[in-house]
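Heads up, the thing below is written out as C-alpha cells.
For ligands, and for the atoms within them, numbers begin at 1 and follow the listed sequence.
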Amino acid sequence: MDKINFNHLILNRRSIRRYTAQELSADDVKLVLEAGLLAPTSQNSHPWHFIVIDDKEMLQRMSEVRTMGAGPVARCAVAIVVAADTTLSDVWVEDCSIAASYMQLQAAALGLGSCWIQIRGRFGADNIPAEEQLMDMLGIPEHVNIECIITLGYKDEERKPLDPSKTLWEKVHIDRW
Ligand SMILES: Cc1cc2nc3c(=O)[nH]c(=O)nc-3n(C[C@H](O)[C@H](O)[C@H](O)COP(=O)(O)O)c2cc1C
C-alpha cells in the first residue's frame, strides 16, 4: 500500500452539525456504508445493521427522540442508524463503535460533514428511551439494539482542524501508570 497521510485526516475530522440542502451522491453514501461493513468485529461476527434514512419527515421525527443533542439529525441529508443483533455478539457496542468511527472517517475523507448522535442510554421526553422510540419508528426487531446515529451532509459550518499542540500526551503512561 502507498503511504497515505492518515494524520491529516485525523486532524481534520471534526463533528459537523450544520449541513447544506445539497443531496449526497449515491456513490459517496455507498463508500461510507462500505467503510462500516469493512470494519473489524469481534470473532468476525458482523453483528451490526445500518439503517439509511433520507426522508426529511422521518429525519425530523428521529431528531425528536432526545430532548437535546439530536438536532443535527433534522438538518442532515442522510442519517445512518447503527444497530446490532445482540444475539451474535457480547461486544456489539465495541463493534458498532468501530464501524461508526470508520464511517465518520470515510465521510471526512470525502469532504462530507458528519456527527455521532448517541442513542444507547439516552432519553427523550417523559424519560422514554431514545432507542425505544427509534425501534418503533423504523420497525427494528426486538433482538437488535441501537448504538448511535451517524449524520451525513455537505458542511454548512467551518470547524478548525484539531491542534496537535493540544494533544493530551499526559494521558499516555510509559511502562507503568
Ligand atoms: C460516543 C459519542 C457520543 C456523542 N454523542 C453526541 C450527541 O449525541 N450529539 C452531538 O451533537 N454530538 C455527539 N458527539 C460528538 C462529540 O460531542 C464530539 O466528537 C466532541 O465534542 C469532539 O469534537 P470533534 O468531533 O469535533 O473533534 C458524540 C461523540 C461520541 C464519540
Show me the short polar-atom pairs for ligand 1: any N or O of it lying under 3.5 Å from a protein N or O, with distances only.
| from | atom 1 | to | atom 2 | distance (Å) |
| --- | --- | --- | --- | --- |
| ligand 1 | 5 (N) | Trp116 | O | 3.4 |
| ligand 1 | 8 (O) | Arg66 | NH1 | 2.6 |
| ligand 1 | 8 (O) | Gln118 | N | 3.0 |
| ligand 1 | 9 (N) | Gly69 | O | 2.9 |
| ligand 1 | 11 (O) | Arg17 | NE | 2.7 |
| ligand 1 | 12 (N) | Arg17 | NH2 | 3.2 |
| ligand 1 | 12 (N) | Trp116 | O | 3.2 |
| ligand 1 | 14 (N) | Trp116 | O | 3.3 |
| ligand 1 | 17 (O) | Arg17 | NH2 | 3.1 |
| ligand 1 | 19 (O) | Ser15 | OG | 3.2 |
| ligand 1 | 25 (O) | Arg13 | NH1 | 2.9 |
| ligand 1 | 25 (O) | Arg13 | NH2 | 3.3 |
| ligand 1 | 25 (O) | Ser15 | N | 3.3 |
| ligand 1 | 25 (O) | Ser15 | OG | 2.6 |
| ligand 1 | 26 (O) | Arg14 | NE | 2.9 |
| ligand 1 | 26 (O) | Arg14 | NH2 | 3.2 |
| ligand 1 | 26 (O) | Ser15 | N | 2.7 |
| ligand 1 | 26 (O) | Arg159 | NH1 | 3.3 |
| ligand 1 | 27 (O) | Arg13 | NH2 | 3.0 |
| ligand 1 | 27 (O) | Arg14 | NE | 3.3 |

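Here the straight-line distance linking atom NZ of Lys30 with atom CD of Gln106 works out to 12.5 Å at 0.5 Å rounding.
Between the side chain of Arg14 and the backbone N or O of Lys160, at least one donor-acceptor pair lies under 3.5 Å.
Note on Trp116 and Leu152: same hydrophobic cluster, where clusters join Ile, Leu, Val, Met, Phe, Trp and Tyr whose side-chain heavy atoms are under 4.5 Å apart, directly or indirectly.
Ring geometry for His173 versus Trp177: interplanar angle under 30°, hence parallel rather than tilted (30 to 60°).
One side chain, Glu147 or Ser97, offers a donor N or O that lies under 3.5 Å from an acceptor on the other.
Checking Asp136, Leu134, Ile117 one by one against Val65, the side-chain contact (heavy atoms from CB on, under 4.5 Å) holds for a single residue, Leu134.
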